[in-house]
Amino acid sequence: MNSSQLLDHLNPPQAQAVSAPPGHQLILAGAGSGKTRVLVHRIAWLIQQQGISPHSIMAVTFTNKAAREMRARLEQLLGVNPRGLWVGTFHGLAHRLLQTHWQEAKLPQNFQILDSDDQLRLIKRIHQALNLDEKSWPARQSASYINAHKDEGCRADHVIETSDLYERTMLSVYREYEQACQTAGLVDFGELLLRSHELWLNNPVLLRHYQERFPFILVDEFQDTNTVQYAWLRVLAGQQCWVTAVGDDDQSIYGWRGAKIENIQQFDQDFPGTSTIRLEQNYRSTATILQAANGVIEHNFGRLGKTLHTEGEQGEAISLYAGFNEQDEARFIVSQIDKWIGLGNRRDSIAILYRSNAQSRVLEEALLRESVPYRIYGGHRFYDRLEIKNILAYLRLMVNRDDDAALERVINTPTRGIGGKTIDGIRLFAREQGCSLWSAAEKMITNKALSNRAASSVSSFMSLVQTLADQVESLQLHELAEKAIALTGLKEFHGKEKGEKGQARQENLDEFVSACRVYQPTSDDEDTSILVDFLASAALDAGEEQADEFEDAVQLMTLHSAKGLEFPLVFMAGVEENLFPHKMSVEDPTRLEEERRLAYVGITRAMTKLYLTYAETRRIHGKESFNSVSRFVKEIPSECLQEVRVKSTVTRPIEYNRPPARARLSDSTEGLGFSLGQRVSHPIFGEGVILHVEGSGPNAHIEINFDDAGTKRLVLQYAKLEAV
DNA sequence: GTGGAAGTCGTTTTT
DNA sequence: CGACTTCCAC
């Protein structure tokens, strides 16, 4: 492929970014402006036109999915697999470094990755050891303290001691936690980055090696980098590497996880001579949708400033629907979906986006009622399931006997008579000795420090693990997994669980064996065994692609997980104050701006048609709440919006909510002159809206939300209501 | 060690 | 409201 071909079909700024001479680049790429395309073409350009070896290029992404996609597109563009090129997530690359240089990083060779669930368990244990009661010192709080500090590149030793009780306690937990991880050979997500950052700082020769190896570094989704990631990057880049950062400050939605939007704002100061290129032409959405998105995001301050434009069609207006309640909202969405599919469109051209996962249920029910196939993204990852984590824990113990998190998980799973008492004893001993639980148990058995019964259970557990570990070399990965499941009795154990759960768990265990069977190692390192490699990928990679991916289904997901995707038809559900923006964010201007960026992300997912829906009444945590339409809707230029009014049924939505069973309820109120949603007045409570009616006739219970007095339940015949 | 009752708490979650 | 945890009685 020659240079003109590489630049074919690129607009001027895109071509400029792709063919720029070596140097630092900041590419501000608006939604749908061909960001990945530019990145991939840039790499191809370096290789083909500049004669740069793929070996000299590192491309960093945030998700495994993005990394895979980049690799695939590059391969397609180049016609060959670019060997030697490093493409991966920050965490994946950091892990690779630590695995290669485990000695310099002061880690055991077979260190394991601690995921957030294991992390929390470990912290709970530390709380117990420190006598912190869960009530006043929730483990979650410590977890976020630790993670936030690690994200900032701050170790316990770096924290300045204060006399503040909270700070002191958190710090002591942090210290203990670091200690526990070190003895167990465990590394959490933040630690991967922190540790590899320190690895370079402490080993100039090593750093030099990598700096010379990677004169070209490209980073995707740069707005999502946190402090350590940025520091990591700066250290690696040093003075002699060229960095290309691609990102969009308007799509920074992970601030709550430590992402620093400042990084993108500061890039050109830290990397002198940076040329900034803006990609503002959008190839995804209609002009109307873009205008709406621009209208919303303009309300944020301190933006780097971009205005998306398109040469595409004006498109249809954005529809705004006010549902009476969340059921009505869901019903409306499904009816519009039916219409769209009726026009011959595929279901997977449709996405329903929402702010919080709790919203998905009502939507699911509505889809189910109309038999519309759907798929929910997010939720539980395969490798996060209980039964899978159990078998993984056994596999981890085979690799590293000191992995305390794994041992804690399965020492009594399936139950083998090792109760809390025994485990407490082992923990205490391990603490005193500063050793892992496994070696504590070993020592206690030789010292006869355990009761006979406990000693025999513990040693049978240990020899079980040992037996399995002895076969790691000789068996295939899936054979090993199968054997482990059989020998440990996990399958029978989970099968005993009642309901369909037990069976589902057994099936998942089978699926796990198949996953092992088809597993392809990611690294071609012959040093690391396939088991070690597999365990790392189970921890770092969601195992997202599931089998049903190919089924034509409506896509449901949170706004966060929609980033990077696009759909011809998009519904944004629940655009209400206190839900979106979320009520935890409305007070704080910084967080509110992040919510607004989330709205911007949502709107720009839509290609041809966008619906915004909200509910005037919504049940949240079992309580009715009444929210007005989201401020973000009001920020959309009114000429882009069109309100959808549904016939006359609006005042009596329950009638078309669940026709046969519930219609009678509204009849019963009708006889007395009232209907759901109607405004009424009460002699004491004043004016309000009828929310719900239970029962019929004069004894019917009627729930009313009064403007001043709040929600009350009254008996109809005594309430002395008057229509307003 | 289980199962039921009672209590709790309630965003978003690339790794 | 409902998912999740915790605690207590068998």
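Naming convention: chains lettered A, B, ... in sequence-line order (proteins, then strands); numbering from 1 in each chain.
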Original post:
Given B:dT15, B:dT12, C:dC1, which nucleotide is nearest the side-chain atoms of A:His91?
Top reply: B:dT15
Subject >> Nearest-nucleotide 5' precedence on DNA chain B, A:Arg416 against A:Met584 >> reply: A:Arg416
Original post:
Within 45 degrees of the axis of the six-membered ring of A:Tyr377 and under 6.0 Å from its centre: does A:Arg375 put its NZ or CZ there?
Top reply: yes
Original post:
Ring centres of A:Phe534 and A:Phe512 under 6.0 Å apart?
Top reply: yes
**OP:** Indicate whether the side chain of A:Glu329 and that of A:Gln327 have a donor and an acceptor atom separated by less than 3.5 Å.
**Re:** no
Subject >> Minimum-distance nucleotide (side-chain atoms of A:Thr63 versus B:dT14, C:dA3, B:dT2) >> reply: B:dT14
Original post:
B:dT15 phosphate, OP1 or OP2: any side-chain N/O from A:Asn147 under 4.0 angstrom?
Top reply: no
**OP:** Round to a whole Å and report the spacing from CZ of A:Arg355 to P of B:dT13.
**Re:** 8 Å
**OP:** Looking at every strand, decide which applies to A:Tyr254 at a 4.0 Å heavy-atom threshold: base, sugar-phosphate, or nothing.
**Re:** base
Subject >> Nearest-angstrom distance from the residue atom CD1 of A:Ile411 to P of B:dG1 >> reply: 12 Å
**OP:** Mind checking A:Asp224 for me? I need base, sugar-phosphate or nothing, with any heavy atom below 4.0 Å counting as a touch.
**Re:** base
Original post:
Which of these nucleotides, B:dT15, B:dT14, B:dT13, is closest to any side-chain atom of A:Ser561?
Top reply: B:dT13
**OP:** Starting from P on B:dT14, measure out to CG on A:Asp384 and report it in whole angstrom.
**Re:** 9 Å
Original post:
Within this structure, what is the CG-to-C1' distance between A:Asn325 and C:dC1, rounded to whole angstrom?
Top reply: 15 Å
**OP:** Decide, yes or no, whether a salt bridge links A:Glu152 with A:Lys260 under the criterion of side-chain N to carboxylate O below 4.0 Å.
**Re:** yes
Original post:
Rounded to whole angstroms, how far apart are CG on A:Asn226 and P on B:dT12?
Top reply: 21 Å
**OP:** Would you indicate what A:Glu594 reaches in the nucleic acid, counting non-hydrogen atoms under 4.0 angstrom: base, sugar-phosphate, or nothing?
**Re:** nothing
Subject >> Atom C1', compared across C:dT5 and B:dT12: separation rounded to whole Å >> reply: 23 Å
Original post:
Of all the nucleotides listed (B:dT12, C:dG2, B:dT15), which has the minimum atom distance to the side chain of A:Arg361?
Top reply: C:dG2
**OP:** Specify the residue among A:Gly190 and A:Ala358 whose closest nucleotide of DNA chain B lies further upstream toward the 5′ end.
**Re:** A:Ala358
Original post:
Looking only at side-chain N and O atoms, does A:Thr558 come under 4.0 Å of OP1 or OP2 in B:dT13?
Top reply: yes
Original post:
So, do A:Trp256 and B:dT13 meet the stacking rule of ring centres under 5.5 Å and planes under 30°?
Top reply: no
**OP:** Could you check how far CG of A:Asp133 sits from P of C:dT5, rounded to whole Å?
**Re:** 18 Å
**OP:** Using the C1' atom on both, measure C:dA3 against B:dT14 and round to a whole Å.
**Re:** 25 Å
Original post:
Closer than 4.0 Å, any side-chain N/O of A:Asn412 to the OP1 or OP2 of B:dG1?
Top reply: yes
Subject >> Separation of atom NZ in A:Lys260 from atom P in B:dT14, rounded to whole Å >> reply: 19 Å
Original post:
Within less than 4.0 Å of OP1 or OP2 of B:dC9, is there a side-chain N or O belonging to A:Arg140?
Top reply: no
**OP:** With heavy atoms under 4.0 Å as the rule, sort A:Thr61 into base, sugar-phosphate or nothing.
**Re:** nothing
Original post:
Rounding to a whole Å, what distance do you find between A:Glu364:CD and C:dG2:C1'?
Top reply: 14 Å
Subject >> Heavy-atom neighbours of A:Asn452 CG exceed 12 at 6.0 Å >> reply: no
Subject >> Short side-chain N/O contact from A:Lys563 to OP1 or OP2 of B:dT12, under 4.0 Å >> reply: no
**OP:** Select base, sugar-phosphate, or nothing to describe what A:Lys135 touches, counting heavy atoms under 4.0 Å on all strands.
**Re:** sugar-phosphate
Original post:
Is any side-chain N or O of A:Asn64 closer than 4.0 Å to OP1 or OP2 of B:dT15?
Top reply: yes
**OP:** Give the intermediate values and the outcome of side-chain hydrogen bond (donor to acceptor under 3.5 Å, both in side chains) for residues A:His494 and A:Asn508.
**Re:** CA-CA 10 Å; A:His494 286 301; A:Asn508 285 335; over 6 Å; no
Original post:
Hey, are A:Arg618 and A:Glu576 close enough for a salt bridge, meaning a charged N less than 4.0 Å from a carboxylate O?
Top reply: yes
Original post:
What about A:Arg257, does its side chain sit under 3.5 Å from the base of B:dT15 through a donor-acceptor pair?
Top reply: yes
